[in-house]
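For reference, the structure is listed below as structure tokens.
In listed order, ligands and their atoms are each counted from 1. Position 1 is the first residue of the sequence; numbering continues from there.
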Amino acid sequence: MSILVTGGAGYIGSHATQRLLRDGHTVVVLDNLFRGHRGAIDRLAGQHGVGDRLRFIVGDAGDRDLIANLIVEHRVEAVMHFAALAYVGESVDHPLLYYRNNAGGTLGLLEGLALASDRGRHVDQFVFSSTCATYGQPAPEFVPIPESCPQSPINPYGWSKLHGERMLLDFADSMTRRSRPFALAALRYFNVAGCDRSGVLGEDHTPETHLIPAAIQSVMGTREHFGARGGLSIFGTDYPTPDGTCVRDYVHVEDLIDAHVCVLKALRPGDRRFYNLGIGRGYSVREVIDSVRRVSGKSLDVSEGPRRAGDPPTLFARPDRIRAELGWKASITSIDEIVGSAWNWYQRNPRGYR
Ligand code: UDP
């Protein structure tokens, strides 16, 4: 198949591109390199047997004319839409940036699909990167979180993704009414973590705010290189959780991409599928930090700081629906294995892609 991957130079999108190339597809990567890395594309292009099956275009996912043109030119059949900003804290400080990039980006992308469809190249499969942040802070009876949990975001990041889901549903319905079948899946990620175990691709964010890479960079003394100052701080120790720190569901990036591949294979015209992607159990911030200490065999000093705006205390998935319908479940559930894959990548790439 010819698949458009938006955000394919970023963390999750690059791992998706690698898997799709390995599965024999042609991948058109669109990335504006705002937070993505040309280095990731170079590594993907250098892999055995890729040849001209990888095409890379620098541009915005929300540029409807660019999208329409590249869909026609590259005969795109399916879209995986990863391009987005994804920091909860940043979204609280800069909400409009998030609405423009995430909601606006999805809007422009769908306009591009509509234009291409009018020109005779109708894309009928769409997989959207959504998030558990669309659930906000679930009521206790919805933890672990099923897809039926009411969606009520508590930060602009979650809202920007929920708007994306809504636009996609309405777009899919309008296409169907015009006898242009459209299948969509919105995959609500929990905390995506870890790195490609073949050592080619990793997680390289500046600024790095995510717990696992930040803790690893702290152990390695490289945090400044990734745009962070000072040591590692635990954001809040007074949450109503067993050890007072936030609990999250960390799902390995390769398992997450495997779910995308299962979903794409299963999509049939008219489908509207919504799945939670997580391992189904939570780890606290302290448990993750202990894992980084175990995996690295090194000491890690942490301070205890105030809560971060927009953080709910406990989020972990009930990933039963995708297991029942498609047979997918996470193969990696040990936090040490997840942390270990990231640790290995940073050992080989202490400065990320640079
Ligand atoms: N966290 C922390 N210190 C850090 C980074 C993150 O205590 O330097 C906490 C954060 O408050 C959250 C959890 O670790 O409870 C996971 O945060 P991360 O930013 O990795 O992912 P998010 O849950 O925001 O998607």
Residue, atom and distance of the protein heavy atom nearest atom 9 (C) of ligand 1 read V285 CG2, 3.7 Å

- Query: Would you call the rings of Y353 and H37 parallel, tilted or perpendicular, where under 30° means parallel and over 60° means perpendicular?
  - Reply: tilted

Quiz item: Are any of the N/O atoms in F235 less than 3.5 Å from those in ligand 1?
Solution: yes

Checklist entry - Out of curiosity, is Y189 lining ligand 1, as in a heavy atom under 4.0 Å away? => result no

Looking only at side chains, do S341 and H252 share a donor and an acceptor under 3.5 Å apart? yes

Closest to atom 21 (O) of ligand 1 among protein heavy atoms sits N191 ND2, 3.1 Å

Closest heavy-atom approach to atom 18 (P) of ligand 1 among R308, E208, R248, E304 is made by R308

Ligand 1 to I234, heavy atom cutoff 4.0 Å, flagged ligand atoms 7 (O)

### Query
Does R281 pair with D249 as a salt bridge, N-O distance under 4.0 Å?
no

Review point. Within the structure, does L232 bring an N/O atom to less than 3.5 angstrom of an N/O atom in ligand 1?
Key: no

At under 4.0 Å between heavy atoms, what of S233 touches ligand 1? The answer is backbone

OG of S198 to CD of E254, rounded to nearest 0.5 Å, is 7.0 Å

Check your understanding: With under 30° as parallel and over 60° as perpendicular, where do the rings of H163 and Y99 fit, or are they tilted in between?
Key -> tilted

for atom 16 (C) of ligand 1, nearest protein heavy atom and its distance come out as Y250 OH, 3.6 Å

The closest protein heavy-atom partner of atom 11 (O) of ligand 1 is D311 OD2, 2.6 Å

One finds that the ligand 1 atoms under 4.0 Å from a non-hydrogen atom of C246 are 15 (O)

of all protein heavy atoms, closest to atom 20 (O) of ligand 1 is L211 N, 2.8 Å

Problem set entry | ligand 1 N/O within reach of R223 N/O, cut-off under 3.5 Å | no

Ranked by distance from atom 5 (C) of ligand 1, the top protein heavy atom is T209 O, 3.2 Å

Between the side chains of E77 and S2, is a donor N or O closer than 3.5 angstrom to an acceptor N or O? no

Between the OH atom in Y135 and the OG atom in S152, the distance rounded to the nearest 0.5 Å is 12.5 Å

Review point. Taking the inter-plane angle between the rings of F126 and F182 on a 0 to 90° scale, is it parallel (under 30°), tilted (30 to 60°) or perpendicular (over 60°)?
Key: tilted

With a 4.5 Å cut-off on side-chain heavy atoms, are Q125 and L184 touching? no

